[in-house]
Amino acid sequence: MADKGNDPAVIWQTMIGEMEKGFNSFANQAMTSPEFSKVMNQVGGATAGAQKQLGELMEKYLLAMNLPSRAQMVGMAERIQAIEGQLNEIKALLQQVHHNSLAPESGFGTPRPPRTKRPPSEGEQK
């Protein structure tokens with residue numbers, strides 16, 4: 001069995017662990033400083049501004065390409081969902097009407113045309 005002091009894997013793990021501890025302490029010190037929070041605030045503001053500008057640029061680009069924008073696609077999806085909901089309501093109503101028309105001879109449902117045709121009597125020609 002190898003000695004733990006001479007095992008390269010143990011030495012490597014120890015070295016990585018110490019590097020991680022040193023990096024964590026350095027990062028904790030840096031993040032507590034007011035300069036760090038000021039820089040992070042500025043970076044966040046610049047990122048939000050750049051993202052807004054990129055969105056406007058993409059909107060203009062899609063308009064120039066005669067393609068719908070994300071907002072237009074979201075609007076179309078909402079309208080399609082509303083239409084699907086209305087179609088489901090119409091389908092349910094049609095099924096209900098169809099079910100009522102198949103009701104037994106209770107007098108409800110759609111009226112049927114009168115049966116006026118009679119079979120020929122024995123004296124008549126066919």
Exercise for the section: Determine the minimum heavy-atom distance between Ala30 and Ser33, stating which atoms define it. Expected result: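 Scanning both residues, the minimum pair turns out to be O-OG, 2.8 Å.
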Problem - Hydrophobic cluster (4.5 angstrom, side-chain heavy atoms) - remaining members for Trp12 - result: Met15, Ile16, Met19
Practice task
Please go through Ile83's hydrophobic cluster and name the other residues, only I, L, V, M, F, W, Y counting, with side-chain heavy atoms under 4.5 Å joining them.
Solution key: Leu87
Practice task
Please collect all side-chain hydrogen bond (donor to acceptor under 3.5 Å, both in side chains) contacts where either partner lies in residues 77-93, sequence neighbours excluded, each pair once.
Solution key: none
Practice task
Can you run down the salt bridge (charged side-chain N to carboxylate O under 4.0 Å, His left out) pairs that involve residues 16-38, sequence neighbours left out, and say none if there aren't any?
Solution key: Glu18-Lys21
Donor-acceptor pairs under 3.5 angstrom involving side-chain atoms of residues 62-76: please list them, not counting sequence neighbours.
from: Ser69; atom 1: OG; to: Glu59; atom 2: OE2; distance (Å): 3.1
from: Ser69; atom 1: OG; to: Gln72; atom 2: N; distance (Å): 3.3
from: Gln72; atom 1: OE1; to: Ser69; atom 2: N; distance (Å): 2.9

Problem - Over 12 non-hydrogen atoms of neighbours within 6.0 angstrom of CZ in Phe36 - result: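 For Phe36, atom CZ is crowded (more than 12 foreign heavy atoms under 6.0 Å).
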Practice task
Please tell me if the side chains of Gln96 and Asn100 come closer than 4.5 Å, counting only heavy atoms from C-beta onward.
Solution key: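 In short, these two side chains touch, coming nearer than 4.5 Å.
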For residues 39-57, which side-chain donor-acceptor pairs fall under 3.5 Å, sequence neighbours excluded?
from: Thr47; atom 1: OG1; to: Val43; atom 2: O; distance (Å): 2.7

